[in-house]
Amino acid sequence: TGDFVIEYKRDKYVPQHDEVAGAEQGVRIAPRPDQLIPKSIAHHSLIADVVVRKFVDGLPLYRQEAIYAREGIELSRQSMSGWVIQLHERLSPLMAAMKQLLYQGPLIQIDETRLQVLNEPGRDNTQLSYMWVYGGGPPDKPVIWYQYADTRSGRVPLDFLQSEEEDSLCAMYLVSDGYEGYNALSKTSLIQGHAACWAHVRRKFVEATHGRKNTAAAHQMVALIGKLYQVERAMKEQTPAQRKAIRQAQAKPIVEKIKTWLDGKVIQVLPKSPLGTAIAYTLGLWQKLTIYLDDGRIPIDNNRIENAIRPFVIGRKNFLFSGSPLGANASATLYTLVETAKANGLEPYQYLRHVLTHIGAAETLEQVEALLPWQVNVTDLSG
């Protein structure tokens, strides 16, 4: 597509009734159309493009600045950064509506990854912060939620869920890796069961296959776990009740064989060897690893959230740190928006452009909720 210019035509007039006492005087001009970013000439399509390049494609703002410069466009990274931060506030009504759905499903999946943030009050720039990612919502309305925090403490997810009104929450399963920080959350009345991740277990044994000893035994376990995944792949389209029945019939015997293998090997290998470490990790999580057999709604692993956190990890490698806690919170908002759009089968740029076009005129709760990903018709995004 070629370059184009957007013209806004605004009526201007001068009242002609000077003889009327107290009448309107002087030149009058119609107001400009509602601006997404006050006092900015940026069109919503440009802002959407900048956001998607940064938060979907992992292209930092300084590279975008250079790309625009090559095209003869003077657009500074400071201006683009300002847009990103201001969007955080403009999108807050939509994010509040989206967050309510996060707690309305049978699961809450959680993961976290490190983040370096500059200019945090009372902290050195070398101290690490964290981006927490939550996956929840009804099966047909998935929500991927990012939260910035300056700590990896288990209080973060605990406070995150307990900050909501109790009547907006329902009992759910927690799915996570083996990090002990999740144990406090798993003991609350909100969590009806805590499931661990078989992908993390498999990863431990894959690492053990690279060791100098017992690599054949490690390969045996990788193969056994692979059989569990074969069961999962064969029943993707089944209902939760059907998945439970198939798991009980096909996966449970494999799990029992794995347990027998672990109990036999744990006394034969060095505890601190790669294989010994993998075995201890698995046995320590055994109850959490088997809970998925009893409910077809529980996934075998936490890969859904690991896949959602991957774009952030790629972006982190490219721009390393956020310039302030304000920037980190804005990043969390925009990662939430684009990843939730992707989880609902929407193309991120088209969805974000649609939201930015209409968010300024959304004054009621119904108008805001009409912009949620599962409310948007895909054909509405093609214009």
Mind checking whether [X] and [Y] sit in one hydrophobic cluster, side chains of I, L, V, M, F, W, Y counted as touching below 4.5 Å?
| X | Y | answer |
| --- | --- | --- |
| Leu102 | Leu158 | yes |
| Leu107 | Leu174 | no |
| Val231 | Trp261 | yes |
| Leu365 | Ile359 | no |
| Ile298 | Ile305 | no |

Provide the closest heavy-atom pair for [X] versus [Y] in the form atom of the first, atom of the second, distance.
| X | Y | answer |
| --- | --- | --- |
| Lys244 | Leu293 | CG-O, 3.9 Å |
| Leu61 | Met80 | O-CE, 3.5 Å |
| Pro348 | Lys342 | CG-CG, 3.5 Å |
| Ala199 | Asn303 | CB-OD1, 3.5 Å |
| Thr151 | Trp132 | O-NE1, 3.2 Å |
| Val376 | Ala370 | CG2-O, 3.8 Å |

Do [X] and [Y] have side-chain heavy atoms sitting under 4.5 Å apart?
| X | Y | value |
| --- | --- | --- |
| Tyr281 | Val201 | yes |
| Asp301 | Tyr229 | yes |
| Tyr130 | Gln147 | no |
| Met235 | Arg247 | yes |
| His44 | Arg353 | yes |
| Pro373 | Met98 | yes |
| Pro142 | Thr340 | no |
| Tyr292 | Val175 | no |

Flag for Gln242-Thr239: side-chain donor and acceptor within less than 3.5 Å: yes
Pairing donors with acceptors under 3.5 angstrom, does anything connect the side chains of Tyr134 and Gln109? no
Donor-acceptor contact present, side-chain [X] to main-chain [Y], <3.5 Å:
| X | Y | value |
| --- | --- | --- |
| Arg77 | Tyr62 | no |
| Thr277 | Ser273 | yes |
| Gln268 | Gly264 | yes |
| Arg243 | Gln238 | yes |

Report the distance from atom [atom1] of [X] to atom [atom2] of [Y], rounding to the nearest 0.5 Å.
| X | Y | atom1 | atom2 | answer |
| --- | --- | --- | --- | --- |
| Ile267 | Leu262 | CD1 | CG | 12.0 Å |
| Glu256 | Ile258 | CD | CD1 | 10.5 Å |
| Thr290 | Asp294 | OG1 | CG | 7.0 Å |
| Thr260 | Lys265 | OG1 | NZ | 13.0 Å |
| Lys54 | Ser331 | NZ | OG | 5.5 Å |
| Leu326 | Gln86 | CG | CD | 10.0 Å |

Taking atom [atom1] as the centre, does [X] end up with more than 12 heavy-atom neighbours from other residues, nucleotides or ligands that are less than 6.0 angstrom away?
| X | atom1 | answer |
| --- | --- | --- |
| Arg212 | CZ | no |
| Lys99 | NZ | yes |
| Glu71 | CD | yes |

Under 6.0 Å from the ring centre and within 45 degrees of the ring axis: does the NZ or CZ of Arg53 meet both conditions for the six-membered ring of Tyr68? yes
Verdict with reasoning, Thr333 to Thr336, per side-chain hydrogen bond (donor to acceptor under 3.5 Å, both in side chains): CA-CA 5 Å; Thr333 290; Thr336 296; over 6 Å; no
According to side-chain hydrogen bond (donor to acceptor under 3.5 Å, both in side chains), does anything in residues 172-188 pair up with another residue at least two apart or in another chain? List the pairs. Glu112-Tyr182, Tyr173-Gln192, Tyr173-Asp295, Ser176-His194, Asn183-Lys288
Among residues two or more places apart or on two chains, list those pairs meeting side-chain hydrogen bond (donor to acceptor under 3.5 Å, both in side chains) that have a residue in residues 198-209. His200-Glu306, Arg203-Glu306
Output, in order, the C-alpha distance, side-chain angles, deciding distance and verdict of side chain to side chain contact (heavy atoms under 4.5 Å, CB included) for Ile110 and Val133. CA-CA 6 Å; Ile110 312 179; Val133 185; over 6 Å; no
Derivation and outcome, side chain to side chain contact (heavy atoms under 4.5 Å, CB included), residues Tyr103 and Leu190: CA-CA 10 Å; Tyr103 311 107; Leu190 174 65; 5.9 Å; no
Does the side chain to side chain contact (heavy atoms under 4.5 Å, CB included) test come out yes or no for Leu334 and Leu91, once each step is laid out? CA-CA 9 Å; Leu334 292 166; Leu91 293 169; 3.8 Å; yes
Stepwise, does the side chain to side chain contact (heavy atoms under 4.5 Å, CB included) test hold for Tyr335 with Val51? CA-CA 9 Å; Tyr335 273 116; Val51 169; over 6 Å; no
Given the rule in the side-chain hydrogen bond (donor to acceptor under 3.5 Å, both in side chains) test, do Asp49 and Gln64 qualify, once you have shown the distances and angles that lead to the verdict? CA-CA 10 Å; Asp49 186 63; Gln64 295 193 47; over 6 Å; no
